[in-house]
There are 2 protein chains.
Amino acid sequence: MADSSLGNVSVSSTPLERFEEFLQSRGKRMTRPQRLLIDHVFRQHSHFDVDMLLDELPQRSDSDHVGRATVYRTLTKFVEAGLLRAFTLDGRTVYEHDYGYPQHDHLHCTECQRLIEFQSDELIRLRDEVAHKNNFRVSGHRFIISGICHDCVQAKRRTKRKVDLV
Amino acid sequence: MADSSLGNVSVSSTPLERFEEFLQSRGKRMTRPQRLLIDHVFRQHSHFDVDMLLDELPQRSDSDHVGRATVYRTLTKFVEAGLLRAFTLDGRTVYEHDYGYPQHDHLHCTECQRLIEFQSDELIRLRDEVAHKNNFRVSGHRFIISGICHDCVQAKRRTKRKVDLV
DNA sequence: TTCTGTGCAAAGGATTTGCATAGAC
DNA sequence: GTCTATGCAAATCCTTTGCACAGAA
């Protein structure tokens, strides 16, 4: 679903390794469900929410099944560990890779729900400038441009033409 | 709660008048609860959510009391009428004046929850440029800078100093 | 009189929590 | 063994809906 045209950044360790360090530093434990989730989530770069993840994972009958509450709890840990980034879209929490992935913002197509990534140093500069003017200590930001993507505009044109002909 | 340093824009009619036009154009009716809400909401410029509004309005015992569902339904109408703008913050819907108020974005203090407004033409330019590069038809955007406001940084310093002395 | 709006309670959707048990260290 | 993690169901939070009744036009 994501347009991952930003390329990857080389990192010193894998998400799994990084998560293990995170757990150790807090005296927490590595478990089978957590390993399953990390494997699945980092298999490909994409945006996802809890339900999408649950649909893709083994069903309740399977021994590898992970409960919904565990998914929520584990994703929260991943965010704390800096592995994932989370943001809200239409009332649901959306997750995406953070660790080893460059900072970026999104274009959100309100038609097909696709999230297109883009990177802008100028935006960061502008953000910091605004914050400075307001004596504000920045910790982060959220910038989502909404509208209709190229594909959907095309699709609408086609539909419209058909209708016009009838 | 809002820092309304952006000044007002002169408008041809009051929110109430505008809302009446809106209702008429759709064959809908003006009622007492709607009038009460418009009066209250436009008494002062501020950011608010449904619960804050409900707390400020007359209680259930009063004849002027407005039910929770009505508040939700009416605020939705105000947004449709262009009177209010709505956005989501930490899972709850926050409303602010739109009609007669200039376009702007926010700095959000994660400490005191305050929303500070700022206006940037450069941001709009940057947004449109990014959209154009991606063949994207913009309909709007959401930009929230999070961090800690000046007052809260000061407060923290004071607390910290006290602690250090003990 | 005819519909739209209101209030209340119930329903919904997403996420969190309580608790007994499984399992990591 | 001890203490964290899991699964399930129940609970929460915010918002929407169903329905009978009130009240604009």
Side-chain angles (χ1 to χ4, degrees), chain A residues 16 19-40 47-55 57-81 83-84 86-95 113, chain B residues 16 19-40 47-55 57-81 83-84 86-95 113:
Chain A
L16 179 60
F19 189 56
E20 284 175 331
E21 283 169 32
F22 169 82
L23 293 176
Q24 291 223 329
S25 73
R26 301 202 177 192
K28 298 302 173 71
R29 297 165 186 176
M30 173 56 89
T31 63
R32 183 176 180 74
Q34 290 179 155
R35 231 185 311 265
L36 280 167
L37 285 174
I38 243 182
D39 279 354
H40 188 87
H47 298 90
F48 62 91
D49 61 27
V50 170
D51 280 308
M52 291 167 67
L53 200 50
L54 243 13
D55 286 346
L57 292 168
Q59 302 304 300
R60 327 96 212 155
S61 51
D62 199 299
S63 67
D64 275 355
H65 174 251
V66 182
R68 173 173 291 268
T70 300
V71 170
Y72 275 104
R73 287 186 280 230
T74 305
L75 291 181
T76 300
K77 284 186 197 172
F78 287 176
V79 171
E80 287 170 8
L83 258 50
L84 295 180
F87 56 95
T88 306
L89 206 58
D90 299 328
R92 62 197 337 99
T93 305
V94 177
Y95 299 87
Q113 304 305 313
Chain B
L16 179 60
F19 189 54
E20 283 174 332
E21 282 169 31
F22 169 81
L23 292 177
Q24 291 221 331
S25 73
R26 301 201 176 193
K28 298 302 172 71
R29 298 165 185 175
M30 174 56 89
T31 63
R32 182 175 181 74
Q34 289 176 345
R35 232 185 311 264
L36 280 167
L37 285 174
I38 243 182
D39 279 355
H40 187 87
H47 298 91
F48 61 92
D49 61 26
V50 170
D51 280 307
M52 291 166 68
L53 200 49
L54 243 13
D55 286 345
L57 292 168
Q59 300 306 297
R60 328 97 213 155
S61 51
D62 198 299
S63 67
D64 276 355
H65 174 250
V66 182
R68 173 174 292 269
T70 300
V71 170
Y72 274 103
R73 286 186 280 230
T74 305
L75 291 182
T76 300
K77 285 186 194 171
F78 288 176
V79 170
E80 287 169 7
L83 258 51
L84 295 180
F87 56 95
T88 305
L89 203 58
D90 299 327
R92 61 197 338 100
T93 305
V94 177
Y95 298 88
Q113 305 305 313

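Computed from heavy atoms alone, side chains included, the values below leave out hydrogens, waters and symmetry copies. Numbered from 1 within each chain, the chains take letters A, B, ... in sequence-line order.
- Between A:Phe19 atom CZ and D:dT4 atom P there is a gap of 15 Å when expressed in whole angstrom units.
- Residue B:Lys28 places its side chain closer to C:dG5 than to any other of C:dG5, D:dT6, D:dA9.
- Minimum heavy-atom separation, B:Leu54 to B:Gln59: O-NE2, 4.3 Å.
- Between A:Ile38 atom CD1 and D:dA5 atom P there is a gap of 14 Å when expressed in whole angstrom units.
- The shortest heavy-atom contact between B:Phe78 and B:Gln34 is CZ-O, 3.9 Å.
- Between B:Arg35 and A:Met30, the residue anchored closer to the 5' end of DNA chain D is A:Met30, taking for each the nucleotide with the nearest heavy atom.
- Across all strands shown, B:Arg73 has heavy atoms under 4.0 Å from base atoms, whether or not it also approaches the sugar-phosphate.
- For A:Lys77, taking side-chain heavy atoms from C-beta onward, the closest of the listed nucleotides C:dA9, C:dG5, D:dT6 is D:dT6.
- Under 4.0 angstrom from either OP1 or OP2 of D:dT15 there lies at least one side-chain N or O belonging to B:Tyr72.
- The CZ-P distance, from A:Arg92 to D:dT15, rounds to 15 Å in whole Å.
- Rounding to the nearest 0.5 Å places CG of A:Leu57 at 8.0 Å from NE2 of A:His65.
- Between B:Thr93 and the phosphate of D:dT15, there is a side-chain N or O to OP1/OP2 separation shorter than 4.0 Å.
- Taking only side-chain nitrogens and oxygens, B:Thr70 comes nearer than 4.0 Å to OP1 or OP2 of C:dG7.
- Taking side-chain N and O atoms only, B:Thr31 has no distance below 4.0 Å to OP1 or OP2 of C:dG5.
- Between the CG atom of A:Asp51 and the P atom of C:dG12 there is a distance of 17 Å, rounded to whole Å.
- Checking C:dT15, C:dT6, D:dA25 against every side-chain atom of A:Val50, the shortest atom distance belongs to C:dT15.
- B:Leu53 has its CG atom 15 Å from the C1' atom of D:dT15, to the nearest Å.
- Closest of all the heavy-atom pairs between A:Asp64 and A:Asp62 is N-OD1, 2.6 Å.
- When every heavy atom of B:Ile38 is checked against every heavy atom of B:Leu16, the shortest pair comes out as CD1-CA, 3.8 Å.
- The CD atom of B:Gln24 sits 13 Å away from the P atom of C:dG5 (whole-angstrom rounding).
- When the side-chain nitrogen and oxygen atoms of A:Arg29 are compared with OP1 and OP2 of C:dC25, none of them lie within a distance under 4.0 Å.
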